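In what follows, a single structure is set out as structure tokens and then discussed.
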2 protein chains.
Amino acid sequence: MKNEAFSESIEMYLKTVSELADSEDLVPISALAERLGVSTVSATEMVHRLKKQDLLEHLPYKGVSLTVHGGRRACRVIRRHRLWERFLVDYLGLPWEKVHDYACRLEHATDTAVTEALAIFLDNPRTCPHGNPIPSPDGEMPDISDIPLIQMQPGDRGIISRIHPESILLLDYLAGRDIRPDQPVEFEEIAPFNGPLMVKIGEQTHALGQEIAAHIFVNCEDEVRNDEIA
Amino acid sequence: MKNEAFSESIEMYLKTVSELADSEDLVPISALAERLGVSTVSATEMVHRLKKQDLLEHLPYKGVSLTVHGGRRACRVIRRHRLWERFLVDYLGLPWEKVHDYACRLEHATDTAVTEALAIFLDNPRTCPHGNPIPSPDGEMPDISDIPLIQMQPGDRGIISRIHPESILLLDYLAGRDIRPDQPVEFEEIAPFNGPLMVKIGEQTHALGQEIAAHIFVNCEDEVRNDEIA
DNA sequence: GAAGTTTATAAGGTTGTCCTAATAATATAG
DNA sequence: CTATATTATTAGGACAACCTTATAAACTTC
């Protein structure tokens, strides 16, 4: 079983499918293309190549999902990414909202030996600075049970657990408003006609667009969860 | 003046020219090609591209040299490389002889902001673990005045200053014999007919081939240097 | 200065990743 | 069920970086 030897492009595709997959099972190729900043034609082309390598499956007109094999590869990339983020924030003192992009480059240039030595140096952190869990060395993603802010009900309270999926624009926006993991949240109300969500975070009440609210995950206070009815 | 935006290939070419240049002013394209593991045709092609970008000059049938511009770019890559090496050895505890290869990958994936934060974290080290000086942030290479072991005279003593240029095979060989910077050396004799050099390093006497001896640099003990007559 | 080596260039190809534009197939909504 | 959307495919290219083979030019040495 040969290791390494995956191009940066392939790693980006696998990582992105994995990131987009945990909201929905099947990731539309268009979503993939958009997040990667390539045309749908290019994305389709690459999907075919990855399918041939048994890294993902494709249900035409529905979307793609990772195979077990592909999922493990993706998790290894994500592990490297999140470990680097921890290092960049905790040891190099770089800004929370910038390190995602820096780590996006480092993640493709890191040998397994370096990754694991880094993990030990960092004392095996559980999450990245944005709250996302760090997969195990063999490519297993820890289970989590938080919910996106947008699924909260008026009156619900909780603690921000993570920002996901990340992007520089989103993180910049949130950093400017001091919206980060570990902050307490209280969902106040949602404006009608698909309007913004009014949410109290820390001391401040924010009007958050629905898109943004889908990227903020929360550990709700002890209460019956009703995912379906939401 | 735009920064970044240099392909990994271009960075490798510039770095390699810089590494090979300090032995001789002009680097033959064949030497460049060999060290990069590409054909001379490919190297020639790339040299033309780099010439067009004013990164290096080419005297046909003689060799190439970096322009001021190209030299600065090369030094920035080398700076990143050597800082990473220090981190990998000093903080991650990775083996001296392996980190060169790990850093070769990281050096192309490191933003300036990360590089400078890393330099501060490492407390601005003067050299890499193999003894080579770390260029300044703006791309200036410190002056050094050591000589290759092969230029020593029988009876000369000194301290190993650095291994240069580095390669995994060379470093593995030297690591196996505990030949590293800061070790004392005493040149005993050179075998006739271009034979090996007999050199006492630490407590042990080694028979070193001339190729290897050209890669080991030494700070000689206070005495008149006679580069020419050598 | 001719012979042989080194270096350079020219011609033609491959691979990976990307593109646009046009068309075809399917899904979804009125 | 038809119209509109989305999704997929086909065709034709572009580009960077590599390759081999073959030829030409320049250097070096005797």
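Throughout, protein chains are lettered first and strands after them, A, B, ... in sequence-line order, and every chain is numbered starting at 1. All of these numbers come straight from a predicted model, not from anything done at the bench.
Summarising the base pairing, C:dA24 is matched to D:dT7 through a Watson-Crick or G-U wobble pair whose two defining distances lie under 3.5 Å. Base pairing of C:dT9 is made with D:dA22, judged by Watson-Crick or G-U wobble geometry with both donor-acceptor distances under 3.5 Å.
Residues passing the side-chain hydrogen bond (donor to acceptor under 3.5 Å, both in side chains) test with A:Ser42, sequence neighbours excluded: A:Ser39. Partners of B:Glu8 by salt bridge (charged side-chain N to carboxylate O under 4.0 Å, His left out), not counting sequence neighbours: none found. When the side-chain hydrogen bond (donor to acceptor under 3.5 Å, both in side chains) test is applied to B:Arg162, the partners found at least two apart in sequence or on another chain are B:Asn132, B:Asp146. Residues passing the side-chain hydrogen bond (donor to acceptor under 3.5 Å, both in side chains) test with A:Glu116, sequence neighbours excluded: A:Arg79.
If you measure from atom NE2 of B:His48 to atom C1' of C:dA10, you get 11 Å, rounded to the nearest angstrom. In this structure, B:Ile29 atom CD1 and C:dT7 atom P are separated by 9 Å, rounded to whole Å. Regarding A:Leu26, its CG atom lies at a distance of 13 Å from the P atom of C:dA27, rounded to whole Å. Taking atom CG of residue B:Leu32 and atom P of nucleotide C:dA8, one finds them 11 Å apart after rounding to whole Å. B:Leu36 has its CG atom 12 Å from the P atom of D:dA17, to the nearest Å.
Using a 4.0 Å cut-off, some side-chain N or O of B:Ser30 falls inside it from OP1 or OP2 of C:dT7. Taking 4.0 angstrom as the limit, A:His58 places none of its side-chain polar atoms (N or O) nearer than this to OP1 or OP2 of D:dT7.
Relative orientation of the B:His164 and B:Phe217 rings is perpendicular, given thresholds of 30° and 60° on the angle between their planes. Using the six-membered ring where Trp is involved, B:Phe87 and B:Trp84 have ring planes that are perpendicular, over 60° apart on the 30 and 60° scheme.
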Are any protein N/O atoms closer than 3.5 Å to N/O atoms in nucleotides 16-20 of chain C? If there are, list each pair with its distance.
{"residue": "C:dT17", "atom": "OP1", "partner": "A:Ser7", "partner atom": "OG", "Å": "2.5"}
{"residue": "C:dT17", "atom": "OP2", "partner": "A:Arg49", "partner atom": "NH1", "Å": "2.6"}
{"residue": "C:dT17", "atom": "O3'", "partner": "A:Ser9", "partner atom": "OG", "Å": "3.3"}
{"residue": "C:dC18", "atom": "OP2", "partner": "A:Tyr13", "partner atom": "OH", "Å": "3.4"}
{"residue": "C:dC18", "atom": "N4", "partner": "A:Glu45", "partner atom": "OE1", "Å": "3.4"}
{"residue": "C:dC18", "atom": "N4", "partner": "A:Glu45", "partner atom": "OE2", "Å": "3.1"}
{"residue": "C:dC19", "atom": "OP1", "partner": "A:Ser39", "partner atom": "N", "Å": "3.2"}
{"residue": "C:dC19", "atom": "OP2", "partner": "A:Ser39", "partner atom": "N", "Å": "2.9"}
{"residue": "C:dC19", "atom": "OP2", "partner": "A:Ser39", "partner atom": "OG", "Å": "2.9"}
{"residue": "C:dC19", "atom": "OP2", "partner": "A:Ser42", "partner atom": "OG", "Å": "2.4"}

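The structure places SG of B:Cys104 at 7.5 Å from CD of B:Glu85, a figure rounded to the nearest 0.5 Å.
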| task | Could you run through nucleotides 25-30 of chain D and give me one letter per nucleotide, 5' to 3': B if any protein heavy atom sits under 4.0 Å from the base, S if only the sugar-phosphate is that close, - if neither? | result | BSS---

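The closest donor-acceptor contact from the side chain of B:His215 to the backbone of B:Pro165 lies under 3.5 Å.
The glycosidic torsion of D:dA5 lies within 90° of 0, placing the base in the syn range.
Looking only at side-chain heavy atoms (C-beta outward), A:Gln210 and A:Leu197 come within less than 4.5 Å of each other.
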